[in-house]
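See below for the structure under consideration.
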Amino acid sequence: MVSRRFAVGRRCSMDTFPPFSRLRWSPVRRRRGCVPAHDPLRRPAGRVEPQLDYLAMTSNWTVPGEAVSPVRHPEAPAPGESIPAHWHGCFGCRGTGDGGLGLDVRAGEGAEVTGEIVVDPAFEGGPGVIHGGVLSSVFDEVMGFSAKLLALEVVTAHLEVDFRSPVPVRSALTVRARVDGVLGRKLYASAEVYVNGAAAPAGSARALFITIDQAVHFRDLVGNSTRI
Ligand SMILES: CCCCCCCCCCCC(=O)SCCNC(=O)CCNC(=O)[C@H](O)C(C)(C)COP(=O)(O)OP(=O)(O)OC[C@H]1O[C@@H](n2cnc3c(N)ncnc32)[C@H](O)[C@@H]1OP(=O)(O)O
């Protein structure tokens with residue numbers, strides 16, 4: 001039986017197969033010429049098209065001109081040294097055996113850090129590739145570590161990610177991140193991820209971190225933790 005949802009497009013045998021019938025925008029459907037009635041890529045005549053070109057979407061983030069260069073703390077870990085976890089309960093800091101990302105983040109020059117991670121199969125999103133939310137967490141965490149080179153306590157206020165190419169599970173990722181500028185309590189950071197030593201990044205991210213006083217910020221929240 002063909003679902004009414006797909007009645008406008010050409011009839012497709014996949015409509016009768018429940019797991020595939022949920023893949024409403026799948027490339028296979030598109031190749032076979034069967035697309036759902038509500039497919040957003042079917043552009044109705046006479047309607048004003050959105051100007052957003054999401055194939056070309058990329059960050060328009062800019063560091064404000066009045067931001068100053070980050071100043072590395074004299075006691076920051078030396079280039080090449082591992083940066084210690086900021087909190088043993090942190091998902092980003094914990095090992096994969098403990099339900100975490102299993103990241104190893106090392107100090108670089110200036111306000112730069114490098115994070116290494118092998119994509120655990122448990123992080124799968126689409127078939128064979130990392131979940132975008134997990135990759136966003138990797139970016140968030142590694143950029144956050146760059147603030148540690150300035151000896152600042154921060155939380156993420158804004159995070160944006162561009163996913164440029166698929167990141168396979170079990171691949172080795174290198175994330176390069178740095179603080180680009182500081183403006184009052186605001187730290188502007190950026191990062192790129194490289195898969196298995198490739199020269200071109202598979203994704204990039206920008207973030208705004210805000211400095212906090214940890215003791216004050218987490219005072220009424222720490223009681224929720226199961227890892228005290
Ligand atoms: C722990 C140590 C570990 C150190 C190592 C860290 C590694 C950790 C990496 C993972 C970090 C996380 O995931 S942290 C978890 C996710 N994040 C959070 O839970 C944060 C939730 N949000 C908040 O608690 C709050 O919004 C804050 C603290 C971010 C900001 O609140 P606030 O302190 O009252 O300050 P507020 O005045 O609002 O903002 C300060 C300035 O930033 C600007 N601002 C604030 N948010 C934004 C925004 N989204 N986009 C643009 N600008 C913004 C404001 O306009 C203002 O600019 P101006 O007026 O001054 O110009």
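Each ligand, and each atom within it, is numbered from 1 in the order the structure gives.
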If you have a sec, work out which protein heavy atom is nearest atom 24 (O) of ligand 1 and how many Å separate them, to one decimal?
His217 CE1, 3.1 Å

Starting from atom 11 (C) of ligand 1, what is the nearest protein heavy atom, named by residue and atom, and what distance separates them?
Thr156 OG1, 3.1 Å

Nearest protein heavy atom under 4.0 Å from atom 57 (O) of ligand 1, yes or no
yes

Sort out for me which residue in Ile210, Asp180, Val154 forms a side-chain contact (heavy atoms from CB on, under 4.5 Å) with Leu187.
Val154

Identify whether the distance between the nearest side-chain nitrogen and carboxylate oxygen of Arg164 and Glu192 falls below 4.0 Å.
no

Is any heavy atom of the protein nearer than 4.0 Å to atom 15 (C) of ligand 1?
no

In the protein, which heavy atom is nearest to atom 13 (O) of ligand 1, and how far is it?
Asp140 OD2, 2.8 Å

Right, does atom 38 (O) of ligand 1 have protein non-hydrogen atoms nearer than 4.0 Å?
no

Any side-chain heavy atom of Val138 within less than 4.5 Å of one from Leu103?
yes

Do Leu101 and Ser137 touch side chain to side chain, with heavy atoms closer than 4.5 Å?
yes

Any protein heavy atom at under 4.0 Å, with atom 9 (C) of ligand 1 as the reference point?
yes

With the side chain counted from C-beta on, respond yes when His73 and Leu150 share a heavy-atom pair under 4.5 Å apart, and no when they do not.
no

Strictly inside 4.0 angstrom of atom 20 (C) of ligand 1, do you find any protein heavy atom?
yes

Shortest heavy-atom approach to atom 4 (C) of ligand 1 - which of His158, Lys148, Glu141:
Lys148

Do you see a protein non-hydrogen atom under 4.0 Å from atom 31 (O) of ligand 1?
no

Shortest protein heavy-atom distance from atom 33 (O) of ligand 1, along with the residue and atom involved:
Arg185 NH2, 2.8 Å

Quick one: does atom 49 (N) of ligand 1 have a protein heavy atom under 4.0 Å from it?
yes

How close does the nearest protein non-hydrogen atom get to atom 51 (C) of ligand 1, and which residue and atom is it?
Leu208 CD2, 3.5 Å

Protein contact for atom 61 (O) of ligand 1 (heavy atom, distance under 4.0 Å):
yes

Just to confirm my output: which protein heavy-atom neighbour is closest to atom 29 (C) of ligand 1, and how far is it?
Ile210 CG1, 3.7 Å

Identity and distance of the protein heavy atom lying nearest atom 46 (N) of ligand 1:
Ala157 CB, 3.5 Å

What protein heavy atom sits nearest atom 27 (C) of ligand 1, and how far off is it?
Val155 CG2, 4.5 Å

Any side-chain heavy atom of Arg176 within less than 4.5 Å of one from Tyr194?
yes

Can you check whether Val175 reaches Val105 side chain to side chain, under 4.5 Å on heavy atoms?
no

Say whether Thr156 and Asp140, considering side chains only, have a donor N or O and an acceptor N or O under 3.5 Å apart.
yes

From Lys186, Gln214, His86 - option closest to atom 7 (C) of ligand 1 by heavy atom
His86

Knowing that exactly one of Val119, Leu173, Ile117 qualifies, which makes a side-chain contact (heavy atoms from CB on, under 4.5 Å) with Leu135?
Leu173

Got Arg94 and Arg227 here, is their nearest side-chain heavy-atom distance under 4.5 Å?
yes

Check this for me: does any side-chain nitrogen of one of Asp213 and Arg219 sit under 4.0 Å from a carboxylate oxygen of the other?
no

